[in-house]
Structure formats: C-alpha cells, structure tokens
Amino acid sequence: MRGDSAPELRQILDEDGQLRDDAVVPDLTDDELLELFRMLKLARHYDERAIKLQRQGRMGTYSPIAGQEAGHAASAFALSGDDWILPSHRADIASRIRGLGLEFHLMYCMGMERGNRIPEDTPVFPVTLPIATQIPHAVGMAWASKYMGSDRVFMPYFGDGGTSEGDFHEGLNFAGVFDTPTVFFINNNQWAISIGPDQQTKSRTLAQKADAYGFEGVRVDGMDPLAVYQVTHEAIEKARDPPEGELRPTLIEALTYRFGPHTTSDDPSVYREDEELERWEQRDPIPRMETFLRDTGRLDAELLETIEQQVADEVNEAIDIAESVDRPEPTNMFDHTFAEPTPRLQAQREELQMLREEYGDDAFTH
Amino acid sequence: MSGTETTETTNLTLVQAVRDALHDEMARDDRVVVLGEDVGVNDGVFRATEGLYDEYGAERVIDTPLAESAIAGTAVGMAAFGLRPVAEIQFMGFIYLAFDQIVSHAARLRTRSQSSFNVPLVVRAPYGGGVHAPEHHSESTEAMFAHMPGLKVVIPSTPYDTKGLLTASIRDPDPVIFLEPKSRYRASREAVPTDSYTVPLGEAAVRREGTDVTVFAWGGMVAPTLEAAENLAEEGIDCEVVDLRTISPMDVDTIVSSFEKTGRAAVVHEAPYTAGMAAEITATIQEESLLLQEAPIERITGWDTHYPLYASEDFYRPGVTRIEHGIRNAAGF
Ligand SMILES: Cc1ncc(C[n+]2csc(CCOP(=O)(O)OP(=O)(O)O)c2C)c(N)n1
C-alpha cells in the first residue's frame with residue numbers, strides 16, 4: 001500500500017519543551033546546548049531585522065526563515081571540521097554556523113557580489129537560487145572528496161518544492177549508486193510559494209523517497225532542535241563510516257513551517273489559512289528550547305538577557321559592515337568572467353570606463 | 001490589427017494585457033489551458049494569471065509541482081495531443097531547466113514527424129532587468145531561442161501589442177517563446193481593445209519615424225530608446241525607431257527598408273554583445289544593403305559578462321545615456 005515505507009517522525013522535545021518519555025538528550029555539553037539556543041535566537045532576530053531592512057529599501061528581496069530556525073541551525077550544528085554545506089536561498093544561519101558572517105548574506109541581498117566571495121577555509125558553497133540545482137553539486141563534491149581520501153560530509157539544503165525537480169532525483173540516484181558521503185536536508189516548510197504539500201507530491205512523506213534510491217530516509221520534527229541535531233548527527237556519522245551493508249547517504253525530511261511570507265514580495269494570505277499558521281506557531285522551536293534549558297537549570301533570566309544582547313550586537317555589527325563596505329566598482333563585473341579577461345572583455349571594460357569618465361556615474365542611474 | 005469591430009477599450013498595464021489575452025483565449029477555446037508554478041490560487045507571482053483560476057478552475061489553470069522540465073515536457077505532450085497549453089516559467093532565468101524539452105522536443109516534433117504532429121505551445125516567461133531583482137532573475141537570453149529552428153520568439157513592448165501578440169501566439173500552430181519585459185509590467189498604461197484581436201507574429205513596428213539613423217530595439221529597451229531618440233532630436237539627430245516585436249522570425253523587410261531610408265543603424269539589446277541578436281540584424285543589413293551603408297552599425301548591448309547583482313545593474317544594462325552615445329557614433333561617422 002502507498003506510504004507503507006513512511007518513516008515515523010522523530011522527536012525529543014514535545015511541543016511544550018518537555019522531554020518525551022522515551023527520549024534521550026543528545027550528547028552535547030551545557031555550553032553547546034546554550035550555543036545552539038543562541039543560534040536559534042540569532043536566526044530569529046536576524047530575520048526580523050532583515051525584513052525591516054527590505055521594507056526600508058535598504059536591501060532587496062529576502063526569504064524569511066522564522067519557524068524554520070531549528071531545521072537550519074541544529075542541522076548545521078551537527079557538522080564538524082571541514083564538512084560542507086550547500087545553502088539554498090533560505091539557509092543563512094546554517095552558513096553562519098559553518099563560519100560565514102551574516103554580513104555576507106546581507107551583502108548578497110543588497111545586490112553585491114562580495115556576499116558570495118566566501119573566505120578561504122569556510123566550507124560553505126555560494127547561495128544557489130535555481131531550486132534544487134545544488135543537489136548534484138553536493139553529490140559531486142562528496143564524490144571528489146571521497147576520491148581524495150577525506151572523510152568530509154556534504155549537506156545541501158533545500159525545500160519541499162525542490163524534491164519535485166529532476167535534479168533532486170538525479171542527484172539522489174547518483175549518491176546511491178556511487179555511495180557518496182552526502183546528507184540531503186529538506187526543510188519541508190509545507191509551502192513552495194503557494195503550492196501546498198498535497199499538490200507537490202502524492203508520496204505520504206518526502207523522506208520515503210529515499211527508498212527509491214536505496215538509502216535511508218529519516219523524518220524529524222523540524223521544530224525540535226534536539227531531534228534535528230540528533231538525526232543529522234547520526235546521518236553524518238553514517239556518511240563517514242557506514243555500517244556493513246549500508247550506504248552512506250541519508251535523506252532527512254525536517255517537518256517545519258514558514259511563519260512568514262515566501263519572500264518579501266509574497267502575500268501568503270492569498271493561499272493559506274491563518275488558523276494553520278496559529279497551529280504551527282504552537283510548535284515554535286525557540287520557546288521549546290528555552291523551556292527545556294530553563295527546566296534543566298541551564299538557563300536563567302540573566303543569561304537569557306545576555307544572549308539577547310549578544311544576538312542584537314552581532315546583527316547590528318553585520319548590518320554596519322554590509323552597509324559600510326564600498327559599493328562594488330562597476331568594472332568588477334569584467335574581472336571574474338574568466339581567469340584572464342579575453343581581448344573583447346578588456347575592450348568592453350575600457351569602453352565602460354570611457355563612458356563613465358565622459359558622462360559621470362550619475363548618468364547611468366537615471 | 002484584425003478581428004475586432006468595436007473601439008471599446010480599457011487602460012491596461014502590460015501585465016494586465018497578458019492576463020486579458022489569456023482570459024479571452026480561454027473563453028474562446030476550451031483547448032487552451034494554463035500551467036506553471038503558482039499560476040492558480042496565487043494568480044501568478046506577477047499577477048499575470050489574476051482571476052483565471054476562479055473563473056476556469058483547477059483543470060484549466062493548473063498549479064504544478066516545482067519542475068520546469070516537467071512543465072515544458074508535459075505541455076509538449078498536451079499540445080501534441082490536441083490541447084493549446086500556455087506554460088509559464090516563473091522567471092526566464094529558470095527556463096534552462098526546461099531547455100531540453102523546449103529545444104529537443106517542442107522545437108522539432110513537427111520536423112521529426114514530418115508534420116504528423118505539431119506543438120501549438122506557448123511558453124511565457126518574464127525576462128530582463130531593471131527592477132533590482134535577485135540573481136538569475138534579470139537575464140535576456142532570447143538569442144538562444146532565436147537560434148533554434150522551429151521556435152518563434154516574441155517580445156512585446158507595449159500593452160496593446162502584448163494582448164495582440166499573445167493572442168496570435170496562442171492561436172499559432174507552432175511553439176512560441178513569449179518573453180515579457182518585467183521592467184515594463186507596470187511601467188505604463190495604454191488603451192487596449194476589450195475585444196480579442198491579433199497582432200501578427202513576425203512583423204516589426206516603426207515606433208518613431210526619422211531620417212538620420214535607424215535604431216532597432218525590442219521589449220524592455222524600446223522605452224529608453226524612444227527617450228534617447230527624443231533627446232537626440234534636440235541635437236538635430238532624427239532617429240527612426242523600429243520595435244522588432246518578434247525576433248524570430250525577424251521582419252527582414254521592415255529592417256531593410258528602414259535602413260535603406262537612413263543608411264545608418266544602431267541595435268539596442270540587454271543581452272550580451274557576442275552572438276546576440278544585434279549580430280544577426282547587422283549581418284542581414286549587410287547582405288541586403290551593403291552599398292547603401294554609410295556607417296558601421298552600432299551594437300549597444302549588455303557586456304559579455306553575467307548580469308551583475310543589482311547594485312551594478314545600471315552599468316550593465318544599456319540606459320538612455322549609453323543609447324544616445326551609440327546613436328551619436330552611428331550618426332556622426
Ligand atoms: C528552478 C527554479 N524555479 C523557480 C524558482 C522560483 N522560486 C523561488 S523559491 C520557489 C519555491 C521554493 O520552494 P521550496 O523548494 O519548498 O523551498 P522554500 O522556498 O519553501 O524554502 C520558487 C518557485 C526558482 N528559484 N528556481
């Protein structure tokens with residue numbers, strides 16, 4: 001029967017932030033648990049500020065992640081060393097956790113290529129906007145890395161909509177056939193712009209699609225930070241060192257919800273009901289994690305205040321950096337088409353320079 | 001214009017004219033179906049399909065999963081089997097995921113089957129820059145499609161033409177790539193007949209008569225070109241502005257006859273310079289009227305680089321100043 005292979009939903013915290021009866025807290029130190037909480041708070045605060053920047057005309061289109069913080073943050077938190085992530089348009093906090101300052105994402109959203117100039121030794125691939133196209137890249141990188149004898153793991157992020165694209169299926173098939181150390185992370189936020197779950201696929205779950213490719217699919221409460229951490233951690237371990245007879249890749253479906261619009265140019269009230277949103281707000285990952293940390297004596301009001309201050313400072317600083325870097329030199333666009341500019345590119349660069357000198361830069365913007 | 005008796009009009013923006021054409025063709029012919037991402041309940045991310053879902057329902061206004069290759073490929077199958085699908089690709093920058101289906105199948109099924117099958121399909125996509133869109137949202141890669149035999153490539157610049165050209169595209173028995181300049185979606189309004197009418201494919205329009213230089217443009221470049229022409233008139237350079245409207249098949253007669261009048265030409269497009277449509281227009285003019293040519297033909301285009309993120313886009317996309325500069329070169333040679 002259809003859906004028989006659907007994996008069950010993994011959870012550690014219930015909706016009120018209480019440990020479930022059978023649950024085991026992941027093997028993290030108190031400091032690590034607090035750091036994970038701080039990343040969730042950072043993501044939420046960043047999201048609020050980014051939306052305001054867009055509304056104030058200080059930044060272009062932005063894709064909010066409120067509701068999805070645990071899916072992005074707790075999964076990236078499970079990576080280590082030089083494990084790589086390949087973000088989609090919505091995974092800024094994961095990049096931050098892998099070492100990329102938030103100012104990079106801001107610069108990118110402000111229309112500046114600098115935001116994609118990833119500093120050396122930061123295992124983050126540039127943001128990929130065409131949906132699902134980074135999935136085969138992740139498989140190829142993992143394949144290359146395995147060939148080079150490394151035990152790094154590669155994790156592409158994408159949404160439920162991404163699982164409909166050919167690149168998803170072709171990428172997962174290759175991962176299975178060539179047994180690459182790849183963890184595919186779906187943030188199933190229920191909506192791919194206006195298309196709801198039932199119109200995207202008739203599979204009962206997204207995780208079970210892994211069955212078709214011969215490796216494991218896992219379904220997790222994507223608003224439970226501890227459970228997301230745990231399943232990702234297990235998938236990473238397996239990618240590095242699979243048990244006899246099992247394949248390295250895992251498909252993780254994190255069941256979550258996007259509270260806000262798809263992007264700052266979208267109006268979700270056209271296609272979804274308020275009460276659906278209210279239902280999902282009950283599962284908000286941040287109060288759940290806060291309750292858990294308070295109940296277990298790891299967090300108090302004073303520490304919470306410190307964390308909130310740190311988070312606000314970090315976001316302020318990122319905005320300051322992004323807004324104060326020099327605007328890109330227009331001729332920068334000629335410098336990165338090839339390693340060596342062709343004669344024609346060189347001539348075009350000179351032509352643009354000549355036009356700027358003759359007419360002034362203002363003449364281009366009016 | 002043909003096929004209308006009344007003179008009743010409404011003032012529409014370009015994107016409303018898209019919607020109007022879709023609406024009228026769906027009313028007229030129940031083989032017409034619309035499919036794509038977010039075209040139904042959401043009325044399209046640019047509102048190009050506004051109200052269609054409410055009026056014609058989910059069987060004819062189809063919200064698809066997120067899969068461009070499947071959108072184009074199933075539309076090829078629908079078209080081959082008797083429907084008249086109008087597929088929306090949300091942004092032209094995502095059309096490459098459908099490219100194989102468009103060029104390997106939509107474009108050549110007629111040839112392959114010796115006309116025992118045809119593909120009366122329209123693929124609509126917003127294209128071009130000028131609206132501070134994110135990466136992959138601003139390119140103009142029309143030449144890739146113009147290069148493919150078996151495809152028609154239509155790019156309107158005004159609301160009136162949009163309704164007439166889209167109507168003609170839907171009724172056309174062959175596949176049409178219909179590219180909508182998103183910088184013009186809401187830039188102006190124009191009186192558009194409420195009845196259906198067609199603007200024939202493959203015919204250019206002379207937007208401004210002039211005697212000194214012919215300037216060829218289409219889509220999003222027509223408005224700045226007309227502005228440049230007005231400015232240059234004050235300097236004593238009288239431009240003729242030709243809006244190609246269809247870049248494949250190209251209206252060679254209008255291109256050549258306008259050029260023969262002026263003897264000088266400039267071509268304006270947002271796409272990169274190398275192997276862009278300007279090269280094709282230039283070669284055509286040289287074949288047809290070399291001896292009447294009084295100056296090198298100016299190509300005023302995007303650079304041979306990727307379309308930059310929006311902080312630099314004004315330096316990439318030809319604007320009024322660059323267009324004036326290029327035309328002056330052609331006029332002053
Ligand atoms: C190939 C491609 N088609 C269309 C788009 C336009 N688009 C941007 S985001 C989006 C929906 C994505 O939904 P999902 O994959 O579920 O990810 P989410 O945005 O919900 O995180 C669409 C259709 C795109 N970016 N790329």
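From a predicted model like this one, the values you see are computed outputs, not experimental measurements. The sequence lines fix the lettering, A, B, ..., with proteins before strands; numbering per chain opens at 1.
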Can you confirm whether the side chains of [X] and [Y] place a donor and an acceptor under 3.5 Å from each other?
| X | Y | answer |
| --- | --- | --- |
| A:Ser324 | A:Asp320 | no |
| B:Asp63 | B:Tyr53 | no |
| A:Thr205 | A:Gln208 | yes |
| A:Tyr257 | A:Asn187 | no |

Please flag which part of [X] lies under 4.5 Å from any non-hydrogen atom of chain B: side chain, backbone, both or neither.
| X | result |
| --- | --- |
| A:Thr365 | both |
| A:Arg356 | side chain |
| A:Tyr359 | side chain |
| A:Met354 | side chain |
| A:Thr133 | side chain |
| A:Asp361 | both |
| A:Leu352 | both |

Hey, are A:Asp335 and A:Arg349 close enough for a salt bridge, meaning a charged N less than 4.0 Å from a carboxylate O? yes
CA sep, side-chain torsions, deciding dist, call: B:Glu298, B:Arg264, salt bridge (Lys or Arg N to Asp or Glu O under 4.0 Å): CA-CA 9 Å; B:Glu298 280 285 321; B:Arg264 293 165 194 271; over 6 Å; no
Output side-chain donor-acceptor pairs under 3.5 Å for residues 192-201 of chain A, partner residues at least two apart or in another chain, one line each.
from	atom 1	to	atom 2	distance (Å)
A:Ser194	OG	B:Asp38	OD1	2.5
A:Asp198	OD1	A:Lys202	NZ	3.0
A:Asp198	OD2	A:Lys202	NZ	3.0
A:Gln200	OE1	A:Ser164	OG	2.7
A:Gln200	OE1	B:Leu66	N	2.9
A:Thr201	OG1	A:Ser203	N	3.1
A:Thr201	OG1	A:Ser203	OG	3.3
A:Thr201	OG1	A:Lys209	NZ	2.8

Contact origin within [X] toward chain A - heavy atom pairs under 4.5 Å:
| X | answer |
| --- | --- |
| B:Arg322 | side chain |
| B:Glu324 | neither |
| B:Val41 | both |
| B:Thr64 | backbone |

Could you check which of [options] has the highest count of heavy-atom pairs closer than 4.5 Å to chain B?
| options | value |
| --- | --- |
| A:Glu351, A:Glu113, A:His89 | A:Glu113 |
| A:Thr61, A:Leu355, A:Thr163 | A:Leu355 |
| A:Arg344, A:Glu329, A:His262 | A:Arg344 |

Which residues pass the ring pair (Phe, Tyr, Trp, His ring centres under 6.0 Å) test with A:Tyr108, sequence neighbours left out? none
Partners of A:Phe185 by ring pair (Phe, Tyr, Trp, His ring centres under 6.0 Å), sequence neighbours excluded?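 So A:Phe185 forms a ring pair (Phe, Tyr, Trp, His ring centres under 6.0 Å) with A:Tyr157.
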Can the ring centres of B:Phe145 and B:Phe99 be said to be less than 6.0 Å apart?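 Centroid separation for B:Phe145 and B:Phe99: below 6.0 Å.
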For B:Phe46 and B:Tyr185, take the angle between the two ring planes, folded into 0 to 90°, and tell me which bin it lands in: parallel under 30, tilted 30 to 60, perpendicular over 60.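 The rings of B:Phe46 and B:Tyr185 sit tilted, inter-plane angle from 30° to 60°.
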Members of residues 299-308 of chain B whose heavy atoms come closer than 4.5 Å to chain A: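 If one takes a 4.5 Å heavy-atom cut-off, the residues of residues 299-308 of chain B near chain A are B:Arg299, B:Trp303, B:Asp304, B:Thr305, B:Pro308.
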Close side-chain approach of A:Tyr62 to A:Asp47, heavy-atom, < 4.5 Å: yes
With side chains defined as the heavy atoms from C-beta onward, is the minimum distance between B:Ile89 and B:Arg124 less than 4.5 Å?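 Side chain of B:Ile89 against side chain of B:Arg124, heavy atoms only: no contact under 4.5 Å found.
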Under a 4.5 Å cutoff for heavy-atom pairs, which residue among B:Glu68, B:Glu135, B:His132 has the most contacts with chain A?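 Greatest number of close heavy-atom pairs with chain A: B:Glu135.
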I'd like to know which of B:Tyr273, B:Phe91, B:Tyr96 tops the heavy-atom pair count under 4.5 Å against chain A. B:Tyr273
B:His23/B:Tyr56 under ring-ring contact (aromatic ring centres under 6.0 Å, His included): CA gap, chis, key distance, verdict: CA-CA 9 Å; B:His23 176 271; B:Tyr56 297 109; 5.8 Å; yes
